[in-house]
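Heavy-atom basis, side chains included; hydrogens, waters and symmetry copies ignored.
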Amino acid sequence: MGQLCGRCMQLLRDFVAFVQRMSSDLLHSIKECLTLIIKCSCLKQGSSKARQLYKPVLQPHERVTAQEFLQHIERGFETSPLGKDPLEALRTLAFSENPGLQQSAALYYLHMSQHMNIPLPAEHLEPFYALLRSADLEVQQMSSLSLVNFLLEGNIDKELVVQMGLLEPILDLLESDDPTVQCNSCACTMTLAVSESNRDAIGAARGITPLLSLANSYDPRVQQNAVGAILNLTQSERIQQVLCKEGALPVLIFLLESPDSEVQYYSCAALSNIAVNAQHHEAMLRTGERFLLRVLTSLLSSPVDKVSSQACVCLRNLATSADTQAEMVSQDVLPKLCSLLASGSEAVRRASVALLWILSQHPHNQDALVCAELLQSLGTLLSAHTTDPVIAGHAACIIKNLSLSKNRERIIESPCVEGLLQALLSIDIREDSLHYVTSCLAELTKQEGATLRMVQRMDEPLTKCLVRLAGQVEHTEPSFQAASIIQHMIDHEKMMHLLKCHIREIQAYLENFLSHQEIRFQQLGISTFCRLQADPEFSLAFRKSQMAKLLEQVRQQTEETQELLRAALCHTKS
C-alpha cells in the first residue's frame with residue numbers, strides 16, 4: 001500500500017489528538033457529571049436510586065486497548081490500517097459499554113470509509129453489529145454513515161452484510177427519531193436491495209413498513225432514500241406482493257406530486273415496475289378514482305427528462321386494456337407525446353415512441369392518432385435519428401398499424417415515407433428493427449399512392465440498398481420484404497431504369513427465391529420474374545441464366561404437389 005497524502009495524515013493526527021484527549025479526560029468528566037447529578041435535589045428523596053445509576057467507567061482491559069490503539073494509529077496506520085492488531089482493538093472498543101470508546105471505533109471506520117478506497121475484510125464487519133446497536137446517537141450516526149460509504153464504493157460485499165447479521169440492526173435504525181440515522185439506514189437498505197436475495201431478506205425481516213412510513217418524511221434526504229429503497233425492492237415480484245399488501249400503492253401514487261423531482265422519479269419508477277404485472281393494474285387504477293392516469297399524464301410535461309421518460313414507461317406498462325388506452329387518449333396525452341418525440345434526450349424519445357406504439361395497436365385509437373401533428377413528428381423523428389434502431393423499429397410499427405386505418409392517405413402524404421426510406425439506408429442488417437421498417441414499407445407499397453411517392457424518392461443508393469437486402473436470404477424477413485417492395489415498383493419506368501444497373505444481383509436473388517423451401521419466396525420470385533421479363537435487357541439476361549431450369553423445377557414440384565393433393569382428396573371422399 002502507498003503512503004498517505006498530507007491531507008490524510010493531517011486528518012489522522014487530528015483523530016489521534018481527539019482520542020488522546022478523550023482517554024485522558026474521560027474519567028474526570030464522568031466523575032464531575034455524576035457529582036453534579038448526585039447533588040441535584042431530584043435525588044434527595046430516594047438516595048437508593050443514585051446507587052442504581054449506570055456508571056460507564058473504563059475497564060482495565062479497555063484502558064490498555066485504547067492506549068495500544070493509539071500507539072497503532074501513531075506508528076502503523078500507513079502500513080496496516082486493517083491488520084490483526086487494529087481489528088482486535090476495534091472489537092474491544094466497539095463492544096465496550098463505554099460510549100466514548102465506541103465513538104473512537106466508529107470514527108476510525110468513518111475515516112477509513114471516507115479517505116481509503118480499499119475493500120473491507122469480512123472480519124471487520126463484526127464490530128459494526130455492536131456499533132449499530134449502540135445507544136449512543138453519535139455512534140449510530142458515524143457507524144451507519146461509514147457503512148453507507150463502504151457499500152456505495154463497492155468495498156463491502158452486499159450479500160455478506162446480510163449474512164453477517166447486520167440487516168436487523170440496520171432496519172431497527174429506520175425507527176430512530178434522528179433524521180441523520182434515518183437517512184443513513186435508508187441509504188444502507190437501498191444499496192443492499194439491489195440483490196435479489198437481500199430483497200427477500202428485507203421483506204422477511206419486516207423492513208417494508210418502516211420504509212413506507214419514512215417515505216412520508218418531511219426530511220427530503222430521508223424521503224429520497226426511503227423511496228429509493230422501495231424502488232429497488234420493486235424489482236422482485238414477491239416483494240411487490242408484500243408492498244401492495246402493506247399499502248405501498250397509495251403512498252407511491254401520491255408521491256408523484258412531490259415537489260422533489262428525485263422522489264417523483266423514484267416513485268414513478270417503482271410504480272412502473274409494479275405495473276409490469278397486470279394483476280396489480282386494477283388496484284393501481286382504483287386508487288383515488290383513477291388519479292394515477294391523470295398525474296402520470298401531467299408528468300409527461302415535467303422539465304426533468306428522467307421523470308417524463310419514466311411517466312411514459314409507467315403509462316406503457318398500464319396500457320394493456322382497450323379501456324385504459326382509450327382513457328389515456330381522452331386525457332390529451334397525444335399532444336404531450338408529440339412534444340416528447342422532439343426531446344433532446346434519447347431516453348425520452350425512446351420511451352414516448354414506445355408508448356405511442358402500444359396505443360397504435362388498438363383500432364379504436366388509430367383514427368385519433370392519424371393527425372397531422374403526430375405524423376409530422378414521426379417523420380421528423382425518423383429523419384433525425386435514422387441510426388437509432390429502437391426509434392426506427394417502433395416508428396415503423398406505428399406507421400404500419402396506422403396504415404391499416406381508413407385514414408392511410410394522410411400517412412402517404414406525410415413525411416413518414418421519406419423517414420422510413422432514410423432509416424432503411426442507416427440500419428444494420430442484424431438489427432430486428434430493419435424487419436419492421438421493410439415490413440412497413442412493403443405494406444405501404446400495396447397502396448398505389450404510396451408506391452408513387454416512394455418511386456419519386458427512389459435513387460441509386462436506395463435501389464442498391466433494396467437489392468442488397470433482397471439478396472441476403474439468410475435474413476429471411478428483411479430479404480422477403482425488400483424483394484416485395486421492388487416487385488411493387490417494377491411497373492414504373494423510373495424504377496425499371498434504376499434496377500437495370502443491378503441485373504446480375506437481381507438475377508441472383510431471384511434464383512435463390514425460386515429454389516427456396518418456402519412457397520411465398522417461390523411465388524414472389526415468379527411474379528417478379530414475369531414483370532422483369534417484359535424488359536428486353538432483363539429478358540436477355542434471364543435467357544443466359546439458369547432461370548428456365550429453376551422455373552421448370554418449380555413447375556414439377558407444383559405438379560407433384562397437385563397429384564398428391566388429388567390423391568389425398570380422393571382418399572378422403574372414399
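With K500 as the fixed residue, the salt bridge (Lys or Arg N to Asp or Glu O under 4.0 Å) test singles out one of E537, E493, E460: E537.
Without hydrogens or angle criteria, Q264 side chain to S258 main chain gives a donor-acceptor distance under 3.5 Å. No donor-acceptor pair closer than 3.5 Å links the side chain of S308 to the backbone N or O of S301. A donor-acceptor distance shorter than 3.5 angstrom exists from the side chain of Q522 to the backbone of H516, with no hydrogens or angles considered. No donor-acceptor pair under 3.5 Å is formed between the side chain of S236 and the backbone N or O of L233. Listed for the K158 side chain is no donor-acceptor partner under 3.5 Å among the backbone atoms of T191. For D260 (side chain) and E262 (main-chain N/O), a donor-acceptor pair under 3.5 Å exists by modelled atom type. Side-chain atoms of N512 never come within 3.5 Å of backbone atoms of V473 as a donor-acceptor pair (strictly under, hydrogens ignored). The backbone N or O of I411 sits less than 3.5 Å from a side-chain atom of S414, completing a donor-acceptor pair. Put simply, the side chain of T386 never gets that close to the backbone of L382: no donor and acceptor are under 3.5 Å apart. Between the side chain of Q481 and the backbone N or O of L434, no donor-acceptor pair lies under 3.5 Å.
With contacts defined as side-chain heavy-atom distances shorter than 4.5 Å, the pair L340/L355 does not qualify. Contact of the L510 side chain with the F538 side chain is not registered, since no non-hydrogen atoms from C-beta on lie closer than 4.5 Å. Taking 4.5 Å as the limit, some side-chain heavy atom of I274 sits within range of a side-chain heavy atom of L252. With a 4.5 Å cut-off on side-chain heavy atoms, R316 and L359 do not count as touching. By the 4.5 Å heavy-atom criterion applied to side chains, L369 and L375 are not counted as neighbours. Under the 4.5 Å side-chain criterion, counting only non-hydrogen atoms from C-beta, L374 is in contact with L356. Counting heavy atoms from C-beta on, the side chains of Q376 and T380 come closer than 4.5 Å. Side-chain atoms of D535 and L499, non-hydrogen and from C-beta on, never get closer than 4.5 Å to each other.
Residues H281 and T320 bring a donor and an acceptor atom of their side chains to less than 3.5 Å of each other. If you check the side chains of Q310 and S272, you find a donor sitting under 3.5 Å from an acceptor. No hydrogens or angles considered: a donor-acceptor pair under 3.5 Å links the side chains of R543 and S539.
The existence of a salt bridge linking E418 and R453 is confirmed by a sub-4.0 Å separation between a basic side-chain nitrogen and an acidic carboxylate oxygen. A salt bridge between R199 and E237 is absent, with no side-chain N of the basic residue lying under 4.0 Å from a carboxylate O of the acidic one.
In this structure, NE2 on H385 lies 10.5 Å from CZ on R350, to the nearest 0.5 angstrom. Atom-to-atom distance recorded for K306:NZ and Y266:OH is 6.0 Å, nearest 0.5 angstrom. For the atom pair L249 CG and T287 OG1, the distance stands at 5.5 Å (nearest 0.5 Å). Rounding to the nearest 0.5 Å gives a distance of 4.5 Å between CG of L425 and CG of L462. One finds the OG atom of S403 at 11.5 Å from the CD atom of E409 (value rounded to the nearest 0.5 Å).
Taking H364 as the reference, H362 meet the ring-ring contact (aromatic ring centres under 6.0 Å, His included) condition, with sequence neighbours excluded. Not a single side-chain hydrogen bond (donor to acceptor under 3.5 Å, both in side chains) links R286 to another residue, sequence neighbours left out. Qualifying salt bridge (Lys or Arg N to Asp or Glu O under 4.0 Å) partners for R290, counting only residues two or more places apart in sequence or in other chains: E327.
Ring pair F254/F291: centre-to-centre distance below 6.0 Å.
Minimum heavy-atom separation, A482 to L466: CB-O, 3.6 Å. Here the closest non-hydrogen pair linking G393 and Y436 is O-CB, 3.8 Å. Here the closest heavy-atom approach between residue T445 and residue H488 is recorded as OG1-ND1, 3.6 Å.
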Check against salt bridge (Lys or Arg N to Asp or Glu O under 4.0 Å), E552 and K549 = CA-CA 5 Å; E552 179 60 25; K549 181 179 178 181; over 6 Å; no
Please walk me through it: do S195 and S197 pass side-chain hydrogen bond (donor to acceptor under 3.5 Å, both in side chains)?
-> CA-CA 6 Å; S195 160; S197 61; 3.1 Å; yes
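Note: F521 and F480 have perpendicular aromatic rings, judged against thresholds of 30 and 60 degrees for the angle between ring planes.
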